[in-house]
Amino acid sequence: MSTIIEPKVLKGFRDFLPDQEIKRRKILARLEGVFRSFGYVPIDTPVLEYTEVLLGKGGGETDKQVYAFTDHGNRPVAMRFDLTVPFARFMASHYSELPLPFKRYHFGKVYRGENTQRGRYREFMQCDFDCVGVDSPSADLEILLMIRGAFLAIDVPNITIRLSHRGIFNSFLQNRGLLDKSVEILRIVDKLAKIGPDQTAQLLGDLASSQQVREILAFIGATTSVTGGNLEVLARLEELAGGPTDGSGRLREILLALDTLGLSEDFVLDSSITRGLDYYTGIVYETFLNQLPGIGSVCSGGRYNDLASLYTKEQLPGVGSSIGLDRLMAALEELGTLGTEAAGSQVLIFSMDSSLGTTYHRVAQALRTEGIAAEVYLAPKKMSAQFTFAEKKHIPWGIFLGPKEEAAGTLQLKNLETRETWDDLQISQVIEILKR
RNA sequence: GUGGCUGUAGUUCAAUGGUAGAGCCCCAGAUUGUGGUUCUGGUUGUUGCGGGUUCGAGUCCCGUCAGUCACCCCA
């Protein structure tokens with residue numbers, strides 16, 4: 001009597017079946033192509049780090065969502081919950097070995113012990129791209145261009161990148177003596193789109209006077225209440241903030257560049273975008289799918305000029321962005337933009353006679369030499385089973401070779417979808433057709 | 001972490017507290033050197049798991065696990 005162990009997986013963790021995994025890899029390959037085209041290079045870091053490296057020295061009672069434990073050597077360790085913090089540590093470790101500005105991309109799984117929801121898991125993949133070592137509008141602009149390029153590459157051109165700058169909002173708060181509450185206020189403001197102005201005002205009421213609440217809402221609402229382009233909105237925000245600042249100057253430069261490049265349509269200055277994470281120090285942005293705004297931001301990031309200062313005295317200002325692949329995949333699934341194409345090979349060589357097994361493999365080899373992915377059906381089962389197999393793997397072509405063809409030295413080729421067949425072909429002719 | 005909803009065969013779904021069913025899928029065959037149609041036969045469940053109430057629980061109660069939605073936070 002054997003006891004069966006239930007093949008269960010943890011809450012928020014998942015298996016990926018071939019069809020799904022192939023789609024993921026297709027997306028990843030395209031993203032990688034875009035990043036490489038900008039001169040970004042790949043890196044990797046460990047999943048497990050010292051707890052103090054990931055959470056800082058403060059202890060981190062607040063970060064309950066982080067998987068942390070002691071390892072067999074009694075070391076306090078934690079699993080990475082994003083790729084940005086490990087990257088900061090990475091830069092502090094290796095900046096002297098790297099060309100600056102260092103531009104890298106990093107695809108990896110990250111872990112958060114939060115409650116699950118659709119498109120939201122405990123193990124999920126992020127696709128980060130960051131530029132470290134310079135604090136320039138040019139670098140900020142480049143990241144924005146990459147975001148747009150990335151979504152173009154995966155056939156999702158209808159996006160809106162909403163951006164803002166923390167400095168503007170902070171100087172606005174400073175003028176009103178609210179700077180010390182900036183973190184709380186930013187958190188509330190971040191929710192505006194979700195909960196509406198009335199509730200936002202109510203929440204802000206606990207932190208500021210009613211006059212101040214009105215001013216904050218006017219500031220946040222400037223995007224919608226001011227007619228005109230991003231630059232007009234920026235002017236209005238500067239006015240409310242009490243004059244131009246370094247931050248607003250930086251933002252103006254970026255917005256002008258986007259205008260010049262003819263891209264302003266995809267970018268919207270939105271002062272309600274502030275980002276919850278407090279390590280951002282400059283420009284911040286979130287990316288939404290125009291056809292599916294409800295799913296939330298699928299790519300966000302910003303400038304963080306002090307992140308590496310936890311680990312080094314070297315000045316390492318950075319700007320970057322992160323695509324949430326799983327949320328994005330959930331969105332693409334809903335939009336139906338993920339086709340079902342060949343999951344495996346391009347051709348299946350049917351097994352019609354078990355004595356011809358070697359011949360089948362020889363044909364398959366000949367096709368592979370020509371760059372055509374080919375596989376042999378590996379058992380002498382009846383034809384209908386072999387057809388079913390091909391269909392499940394979305395294999396578009398079949399090759400039939402029985403005693404008759406063997407004697408004549410020919411092959412039969414069949415398009416499994418249209419059922420069109422070609423008789424009495426030589427391998428060279430098969431290759432010719434498949435390469436069309 | 002808190003709260004709501006859900007959990008029956010591989011899958012989609014049935015079953016007034018009274019013997020767990022159907023379609024699809026799958027398997028074998030009818031007929032195969034060529035599969036989307038037809039016919040015949042067949043397998044599949046500790047009703048997520050564990051307790052409790054009851055003569056009797058898929059059904060009611062409690063716990064637990066998982067999914068989902070909201071809060072929270074975010075990707």
Side-chain angles (χ1 to χ4, degrees), chain A residues 4-14 17 61-66 80-84 107-128 147 183 186-188 190-191 193-195 199 203 273-280 284-289 294-302 320-331 348-353 356 377 380-392 395 397-408 410-423:
Chain A
I4 300 286
I5 298 169
E6 194 189 341
K8 59 189 176 186
V9 298
L10 284 167
K11 179 190 182 75
F13 290 71
R14 300 157 298 152
L17 273 56
E61 196 63 44
T62 49
D63 301 77
K64 278 182 193 149
Q65 48 172 261
V66 176
R80 65 186 182 202
F81 54 89
D82 71 7
L83 297 177
T84 306
F107 300 157
K109 284 180 171 178
V110 301
Y111 301 83
R112 293 183 198 173
E114 293 180 287
N115 241 337
T116 56
Q117 245 174 73
R118 185 168 56 102
R120 191 169 157 170
Y121 308 94
R122 290 184 170 176
E123 179 188 61
F124 58 99
M125 183 167 278
Q126 287 194 328
C127 307
D128 273 35
I147 295 175
V183 173
L186 286 171
R187 284 238 166 87
I188 294 170
D190 212 17
K191 286 183 248 180
K194 198 179 276 185
I195 65 177
Q199 280 201 55
L203 288 171
I273 298 293
T274 59
R275 308 285 304 127
L277 291 176
D278 35 5
Y279 55 65
Y280 292 111
V284 288
Y285 36 80
E286 298 188 359
T287 307
F288 297 87
L289 306 180
I295 199 148
S297 169
V298 290
C299 172
S300 56
S321 193
S322 180
I323 295 177
L325 187 70
D326 299 273
R327 182 177 287 184
L328 177 62
M329 295 294 292
L348 177 68
I349 295 150
F350 282 66
S351 173
M352 306 184 73
D353 187 319
L356 294 175
Y377 195 86
K381 292 188 76 170
K382 63 179 199 177
M383 298 303 281
S384 65
Q386 302 191 37
F387 276 107
T388 305
F389 176 82
E391 198 175 326
K392 274 192 176 168
I395 298 172
W397 296 93
I399 282 177
F400 299 85
L401 199 179
K404 208 167 68 191
E405 286 81 0
E406 166 78 353
T410 62
L411 302 169
Q412 185 195 55
L413 179 69
K414 179 167 186 162
N415 182 314
L416 298 179
E417 205 179 329
T418 64
R419 306 201 172 193
E420 189 180 354
T421 60
W422 291 261
D423 289 308

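Nothing here was measured: the structure is a model prediction, and the numbers come from that model. Lettering of chains follows the sequences in order, A, B, ..., and the numbering in each one begins at 1.
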* Under the 3.5 angstrom rule, does the side chain of A:Arg112 hit a backbone N or O of A:Glu123 as a donor-acceptor pair? -> no
Exercise for review: Could you tell me whether a side-chain N or O of A:Asn415 sits under 3.5 Å from a main-chain N or O of A:Trp397, the two making a donor and an acceptor?
Suggested key: no
Shortest non-hydrogen pair, A:Phe350 vs A:Met383, comes out as CD2-CE, 3.7 Å
Could you tell me which nucleotide pairs with [N] by Watson-Crick or G-U wobble geometry, both distances under 3.5 Å, or answer none if nothing does?
{"N": "B:C72", "result": "none"}
{"N": "B:A15", "result": "none"}
{"N": "B:U44", "result": "none"}
{"N": "B:G56", "result": "none"}
{"N": "B:G63", "result": "B:C49"}
{"N": "B:U8", "result": "none"}

Strictly below 4.0 Å: does [X] bring a side-chain N or O up to OP1 or OP2 of [N]?
{"X": "A:Gln117", "N": "B:A70", "value": "yes"}
{"X": "A:Arg118", "N": "B:C69", "value": "yes"}
{"X": "A:Lys11", "N": "B:C65", "value": "no"}
{"X": "A:Ser300", "N": "B:A75", "value": "yes"}

ask   = Got a donor-acceptor pair under 3.5 Å from the side chain of A:Arg120 to the base of B:C69?
value = no
message: Any donor-acceptor pair, under 3.5 Å, between the side chain of A:Arg327 and the base of B:C74, if you only look at N and O atoms?
response: yes
Applying the 5.5 Å / 30° rule, does A:Phe400 stack onto the base of B:G33?
no
Separation of B:A75 atom P from A:Glu123 atom CD, nearest Å, is 17 Å
When rounded to whole Å, the CH2 to P distance for the pair A:Trp397 and B:G35 reads 18 Å
Would you say the side-chain atoms of A:Ser322 and A:Asp82 include a donor-acceptor pair closer than 3.5 Å?
no
Closest of B:G35, B:G33, B:C73 to the A:Phe387 side chain is B:G35
Picking from B:G35, B:A75, B:G67, the nucleotide nearest the side-chain atoms of A:Thr116 would be B:G67
Between A:Phe13 and A:Glu391, whichever has its closest RNA chain B nucleotide further toward 5' is A:Glu391
5'-most contact on RNA chain B (nearest-nucleotide basis), A:Leu10 vs A:Val298, goes to A:Leu10
- [ ] Establish, yes or no, whether the cationic atom of A:Arg14 lies under 6.0 Å from the six-membered ring centre of A:Tyr121 and within 45° of the ring axis.
- [x] yes
